[in-house]
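Letters A, B, ... mirror the listed sequences (proteins, then strands); counts begin at 1.
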Protein chains: 2
Amino acid sequence: MGDEKGLEAKAGELAGDHSTKGRLIEAARELFLTQGFEKTSVKDILKQAGVNSGSLYYFFPKKEDLLVAVLDEYKALLWPVVIEPAFQRVSDPIERVFEILKGYRQMLEMTGFTHGCPIGNLALEMCTRSDVVRQGIADNFEGWRLAIRRCFEEVGARLHDYVDRDKLATFVLTTMEGGVMLARSYRRIEPFDAGVDMLRRYISQLLTDPDEGVA
Amino acid sequence: MGDEKGLEAKAGELAGDHSTKGRLIEAARELFLTQGFEKTSVKDILKQAGVNSGSLYYFFPKKEDLLVAVLDEYKALLWPVVIEPAFQRVSDPIERVFEILKGYRQMLEMTGFTHGCPIGNLALEMCTRSDVVRQGIADNFEGWRLAIRRCFEEVGARLHDYVDRDKLATFVLTTMEGGVMLARSYRRIEPFDAGVDMLRRYISQLLTDPDEGVA
DNA sequence: GTCTATAACTTGATAGAC
DNA sequence: GTCTATCAAGTTATAGAC
């Protein structure tokens with residue numbers, strides 16, 4: 001094991017350059033995650049970061065610029081915090097996919113359904129705002145999706161030839177995001193588990209060896 | 001056909017009791033849908049409804065009470081606006097599920113990806129607020145999910161016995177919500193279509209007749 | 001039930017000294 | 001780069017006449 005610190009703690013650690021700018025991004029990241037962009041005031045961020053107004057606006061002329069920086073940080077954190085630890089715990093490519101999903105399940109349970117996917121949270125709130133923000137969100141999804149796609153590409157002939165690896169990766173992402181949304185809304189893990197369970201059954205039907213991967 | 005007015009127009013029409021209270025709910029509904037709850041100011045709602053501050057606070061002491069009313073309205077509109085029209089166009093229970101999904105696809109395309117699922121929009125922004133709001137969101141999801149489940153129950157022996165109809169309905173909802181989120185973020189319909197396509201393949205594999213439903 | 005006026009406060013952002 | 005002080009506008013919500 002050795003990686004059971006939780007995504008949040010790890011993210012805070014890895015992101016933690018203790019510069020003013022770094023502290024601002026980290027504070028904004030946490031607050032946007034728990035409260036959303038609109039609900040979080042600049043004053044909240046200032047207080048949490050222990051920084052004064054003048055410094056914030058020196059680095060980030062607009063509140064939205066801070067959001068762009070947060071999205072960039074998430075993108076940079078994706079592999080070290082989400083992907084690599086999961087890949088280190090599990091080596092089978094298909095199980096790696098489910099190990100990543102397990103990470104989000106743990107986040108839901110550990111936070112009592114207050115934290116889901118940080119990007120999903122921002123996606124619906126902010127994707128109709130400026131196009132840089134929308135692009136930052138899409139970039140994050142794309143990074144996640146490509147990591148999953150790589151897993152499906154690595155399995156080679158274990159998946160039937162006709163299986164579109166790219167579309168399957170997209171499907172995993174939609175299942176995860178939809179599952180997180182429902183779990184948070186119901187405050188129950190069952191909707192998330194139902195999605196993952198169906199996904200597992202579906203994928204096991206796409207395998208060339210009919211005996212493999214049946215639960 | 002005969003129902004090609006678009007969800008928004010129809011909703012406005014059906015919801016349209018022209019009372020002050022009704023106009024407030026309708027204005028709030030539209031603005032929460034396009035801008036979210038926090039971004040929408042009470043002043044915005046007042047202006048759109050053509051109502052004065054005193055009247056709003058006579059009916060809805062808090063802004064959040066208006067959101068609860070909006071969620072109740074969505075719940076009341078679900079069958080007449082979303083479910084019934086789809087059921088009227090298509091009679092096969094399984095195709096009815098995909099007809100409902102098609103409705104959301106149309107909404108995405110017609111609005112240039114600005115409108116997705118109204119409930120999903122509010123879910124991630126508001127589900128950590130008051131518990132009445134969260135419950136209103138969960139109730140809406142539950143209504144949708146049960147309509148889908150009913151379809152899967154009606155097919156009887158066409159689906160294998162071992163298929164858990166309830167979980168499958170949840171899976172359809174997660175696929176829809178995840179697909180809407182990605183489509184809006186990428187501003188492309190492909191992620192939504194990928195999800196629906198995978199769902200269709202999966203369900204066709206759960207059918208007892210192997211020749212049925214293959215694309 | 002509806003009107004106007006406004007209270008009480010918070011918002012994002014700036015100015016200018018250091 | 002960082003500080004304090006502050007602006008102008010916007011926020012939710014209320015008071016009291018009609």
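Regarding A:Lys63, its NZ atom lies at a distance of 15 Å from the P atom of C:dT10, rounded to whole Å. The separation between B:Phe37 atom CZ and D:dT12 atom C1' is 10 Å, rounded to whole Å. Straight-line distance from the CD atom of A:Glu64 to the C1' atom of C:dT11: 16 Å, rounded to whole Å. Rounded to whole Å, atom C1' of C:dA13 lies 12 Å from atom CG of A:Asp65.
Contact check of residues 44-59 of chain B against DNA chain C (heavy atom, cut-off under 4.0 Å) returns B:Asn52, B:Ser53, B:Gly54, B:Ser55, B:Tyr58, B:Phe59.
Using a 4.0 Å heavy-atom distance criterion, A:Ser19 is classed as making no nucleic acid contact.
Proximity of B:Lys43 to the phosphate of D:dG10: no side-chain N or O atom is located under 4.0 Å from OP1 or OP2. When the side-chain nitrogen and oxygen atoms of B:Lys62 are compared with OP1 and OP2 of D:dT12, none of them lie within a distance under 4.0 Å.
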Item to check | Derivation of the side chain to side chain contact (heavy atoms under 4.5 Å, CB included) call for A:Leu199 and A:Phe98 | outcome: CA-CA 9 Å; A:Leu199 190 65; A:Phe98 288 100; 4.3 Å; yes
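Each of A:Glu84, A:Glu99, A:Glu95 was scored for a salt bridge (Lys or Arg N to Asp or Glu O under 4.0 Å) with A:Arg89, with one residue passing: A:Glu99. Here the options are B:Arg134, B:Glu142, B:Gln135, the test is side-chain contact (heavy atoms from CB on, under 4.5 Å), and the partner is A:Tyr186; only B:Glu142 passes.
Around NZ of A:Lys21, the count of heavy atoms belonging to other residues, nucleotides or ligands within 6.0 Å does not exceed 12.
Annotation: side chain of B:Ile100 is in contact with side chain of B:Ile83 (closest heavy-atom distance under 4.5 Å). Using a 4.5 Å cut-off on side-chain heavy atoms (C-beta onward), B:Arg165 and B:Leu159 make contact.
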